[in-house]
Student: 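To start, I am sharing the structure in question, which I have written as structure tokens.
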Amino acid sequence: MKPTASKIIDPTLIVVAGPTGSGKTDLGIALARHFGAPVISTDSRQVYHGMKIGSAQPSEEQLAAVPHYFIADREVTDRFTCADFEQEALALLEKLFSEYDYVVAVGGSGLYIDALCNGLDELPDVDSKLRKELAERVSREGLETLAGQLRELDPDYYEAVDRQNPARVVRALEVCLQTGKPFSSFRTGGRTQRPFRIIKTGVTMARAELYRRIDRRVDAMMEQGLEAEAHALYPFRRLPSLQTVGYRELFAYFDGEYNLARAIELIKRNSRRYAKRQLTWFHRDPNIRWFHPQETAAIIASIERNGSR
RNA sequence: GGUGCCAUAGCUCAGUUGGUAGAGCAACGGACUGAAAAUCCGUGUGUCCCUAGUUCGAUUCUUGGUGGCACCA
């Protein structure tokens, strides 16, 4: 690709996806440096302040190397959803693309990545009282009763939804009750075209290697002081932001449910399971090109082949 | 060296009065639209150590090995 006086490059979002512990952060920074791009995080937990070790936020040096966004800029008490992320990230990208040709999006939250690349349907806000009430009803009346109500209010979604999943049933029901309209009437399933090019890269490796890396990283987190970090967050353990691998297991240890060795074992196991769920999500996306994290040159070449015209 | 016990899924083990086997944990596959590191659904993945017998048929009984453990020398 020979440089021309007037290069024409569409604004390009380079997405780096992959399971936890696969080396996304390092690769993202390598790409950001190569393309002269900033990094926005697509990680639902690294946005929170105070969760540095457990969510494996980039180090000080890494943060200093390239501009980062959505890292540690919320409090754990803040409500921050995938919809908030979509909205704020889009606004930010519009600004960044006036200055940069490339932006690198790094993170493992599949829903956040999809929200950013494809858009979410417009759904109404739900009153927090209603949400709380439904949570209580699930435990008091049982999921089946609520599913029965959903069948009345939104038969279409009732047929499609996983009725054994409280999160799904409650979510649908709260939208129905809030608006008086079926939840499915808001779901278009359509994709929003973004005003920038998107190149998706996935990082992975043999399962055994990935699991070794995860185990080692958990040990490293403990050495860096994860226990103290979790202890400081213990008062917030019921918040959504703290429903996070690494913290939950230590909270249970603090509660005396098991010893520290068992907690570490569970953090490793649950990280592996999380990695597996991430891979399931990402494998569904045919636009992701997969690489081993060490193939930096190949990744860059692949992006350059597709990223300019 | 001798005697005894053991050998079954990745691990710890159960079981088959002879008809090729099942629990827990681990693992594997999947779903996913405002909590998504969340939430939920599904799946035994096996030369029953090897060998030669007996038998219609051996993982199961018998012979001889191999490996492990224990005790005695």
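Every chain is numbered from 1, with letters handed out A, B, ... down the list of sequences. Remember, predicted model here, so these are calculated numbers, not experimental data.
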Student: With a non-hydrogen cut-off below 4.0 angstrom, is A/Tyr211 in contact with a base, only sugar-phosphate, or nothing?
Tutor: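 Result for A/Tyr211 = sugar-phosphate.
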Student: Quickly work out the A/Glu174 CD to B/U33 P distance and round it to whole Å.
Tutor: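 Going from CD in A/Glu174 over to P in B/U33 covers 12 Å.
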Student: In whole Å, measure the gap between the P atoms of B/G29 and B/G65 for me.
Tutor: 45 Å
Student: Could you measure the distance from the OH atom of A/Tyr69 to the NZ atom of A/Lys95? Nearest 0.5 Å is fine.
Tutor: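 So the OH of A/Tyr69 and the NZ of A/Lys95 are separated by 8.0 Å.
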Student: Taking atom C1' of B/C41 as reference, at what distance in whole Å does atom CG of A/Leu143 sit?
Tutor: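 From A/Leu143 CG to B/C41 C1': 13 Å.
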Student: Kindly indicate whether the side chain of A/Arg168 and the base of B/A38 share any N or O donor-acceptor pair separated by less than 3.5 Å?
Tutor: yes
Student: Please map the stems of RNA chain B, keeping only stretches of three or more Watson-Crick or G-U wobble pairs with both distances under 3.5 angstrom.
Tutor: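 When the pairs of RNA chain B are grouped into runs of at least three, the stems are B:1-7 with B:66-72, B:10-13 with B:22-25, B:27-31 with B:39-43.
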Student: Under 3.5 Å, is there a donor on one side chain and an acceptor on the other for A/Tyr247 and A/Glu229?
Tutor: yes
Student: Between B/G64 and B/A73, how far apart are the P atoms? Round to whole Å, please.
Tutor: 25 Å
Student: With a non-hydrogen cut-off below 4.0 angstrom, is A/Asp43 in contact with a base, only sugar-phosphate, or nothing?
Tutor: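 Base contact.
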Student: Contact class for A/Ser109 vs. all strands (heavy atom < 4.0 Å): base, sugar-phosphate, or nothing?
Tutor: sugar-phosphate
Student: Taking only the C1' atom of each, what is the distance from B/G18 to B/G57 in whole angstrom?
Tutor: 8 Å
Student: When all nucleic acid strands are considered with a 4.0 Å heavy-atom cut-off, which category describes A/Arg131: base, sugar-phosphate, or nothing?
Tutor: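 Sugar-phosphate, no base atom in range.
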Student: Output yes when a side-chain donor or acceptor of A/Ser59 lies under 3.5 Å from a complementary backbone atom of A/Gln62, and no otherwise.
Tutor: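 It does hold such a pair.
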Student: Check the phosphate of B/A31 against A/Arg277, side-chain N and O only, distance under 4.0 Å to OP1 or OP2. Yes or no?
Tutor: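 Checking A/Arg277 against B/A31: no side-chain N or O falls below 4.0 Å of OP1 or OP2.
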Student: Name the residue closer to the 5' end of RNA chain B, choosing between A/Thr81 and A/Leu266 according to the nucleotide with the nearest heavy atom.
Tutor: A/Leu266
Student: Using modelled atom types and a 3.5 Å cut-off, is there a donor and acceptor pairing between side-chain atoms of A/Glu86 and backbone atoms of A/Leu120?
Tutor: yes
Student: Let's see if you can work this out: which of B/U33, B/A27, B/G34 has an atom nearest to the side-chain heavy atoms of A/Arg273?
Tutor: B/A27
Student: Write down the distance between CZ (A/Arg171) and C1' (B/U33), rounded to a whole number of angstrom.
Tutor: 8 Å
Student: Taking the side chain of A/Arg207 as its heavy atoms from C-beta onward, which of B/A31, B/G29, B/C41 lies nearest to it?
Tutor: B/G29
Student: Nearest to the side chain of A/Trp281, which nucleotide is it out of B/C40, B/A36, B/A27?
Tutor: B/A36
Student: Report yes or no: is the cationic atom of A/Arg237 (NZ for Lys, CZ for Arg) closer than 6.0 Å to the six-membered ring centre of A/Phe251, at no more than 45° off its axis?
Tutor: no
Student: Please determine, for the side chain of A/Gln243, which listed nucleotide (B/A38, B/U39, B/G34) has the closest atom?
Tutor: B/A38
Student: Of all the nucleotides listed (B/U39, B/G29, B/G34), which has the minimum atom distance to the side chain of A/Phe183?
Tutor: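 The nucleotide sitting nearest to the side chain is B/G34.
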Student: How many Å lie between OH on A/Tyr274 and C1' on B/C40, as a whole number?
Tutor: 16 Å
Student: Taking atom P in both B/C56 and B/U16, what distance in whole Å separates the two?
Tutor: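 Comparing P positions in B/C56 and B/U16 gives a spacing of 24 Å.
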Student: Kindly say if A/Lys276 contacts the phosphate of B/C28, meaning a side-chain N or O under 4.0 Å from OP1 or OP2.
Tutor: no
Student: With a 3.5 Å cut-off and no angle check, do the side chains of A/Arg289 and A/Thr201 form a donor-acceptor pair?
Tutor: no
Student: Side chain of A/Ala167 only, please: which of B/U39, B/U33, B/A26 is the nearest?
Tutor: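 So the side chain of A/Ala167 is nearest to B/U39.
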Student: Compute whether any side-chain donor of one residue and acceptor of the other, for A/Asp156 and A/Ser184, lie under 3.5 angstrom apart.
Tutor: no
Student: Regarding A/Gly246, tell me which of base, sugar-phosphate or nothing describes its non-hydrogen contacts under 4.0 Å with the strands shown.
Tutor: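 If one applies the 4.0 Å heavy-atom cut-off, A/Gly246 turns out to touch nothing in the nucleic acid.
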Student: Using atom C1' of each nucleotide, how far apart are B/U59 and B/C50 to the nearest Å?
Tutor: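 So the two C1' atoms sit 13 Å from each other.
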Student: Rounded to the nearest 0.5 Å, how far does CD1 of A/Ile288 lie from NE2 of A/His283?
Tutor: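 Separation between the atoms: 9.0 Å.
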Student: With sugar-phosphate meaning primed atoms plus P, OP1 and OP2, does A/Ser271 contact a base, only sugar-phosphate, or nothing at under 4.0 Å between heavy atoms?
Tutor: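 Here A/Ser271 touches no strand at all.
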Student: Report yes or no: do A/Thr20 and A/Arg217 form a side-chain donor-acceptor pair below 3.5 Å?
Tutor: yes
Student: Quick one: A/Leu111 CG to B/G34 C1', roughly how many Å, whole number?
Tutor: 9 Å
Student: Taking only the C1' atom of each, what is the distance from B/A31 to B/G67 in whole angstrom?
Tutor: 46 Å
Student: Picking from B/U39, B/A36, B/G34, which would you name as closest to the side chain of A/Ala83?
Tutor: B/G34
Student: Enter syn or anti for the glycosidic conformation of B/G44, syn applying to angles within 90° of 0.
Tutor: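 Glycosidic conformation of B/G44: anti.
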Student: Output the rounded distance in Å from CZ (A/Arg272) to P (B/C25).
Tutor: 15 Å
Student: Rounding to an integer number of Å, can you tell me how far A/Lys132 NZ sits from B/G34 C1'?
Tutor: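 Roughly 19 Å, once rounded to whole Å.
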Student: Hey, are A/Lys132 and A/Ser128 close enough side-chain-wise for a donor-acceptor pair under 3.5 Å?
Tutor: no
Student: Between B/U47 and B/A36, how many Å separate the two C1' atoms, rounded to a whole number?
Tutor: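 That atom pair is separated by 44 Å.
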Student: Hey, which sits more toward the 5' end of RNA chain B by its nearest nucleotide, A/Arg269 or A/Leu123?
Tutor: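 Comparing both residues, the 5'-ward one is A/Arg269.
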Student: What integer number of Å spans the P atoms of B/C6 and B/G15?
Tutor: 12 Å
Student: Rounding to a whole Å, what distance do you find between A/Asn270:CG and B/C40:P?
Tutor: 13 Å
Student: Indicate, with a heavy-atom threshold strictly under 4.0 Å, whether A/Tyr112 touches base, sugar-phosphate, or nothing.
Tutor: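 Sugar-phosphate, no base atom in range.
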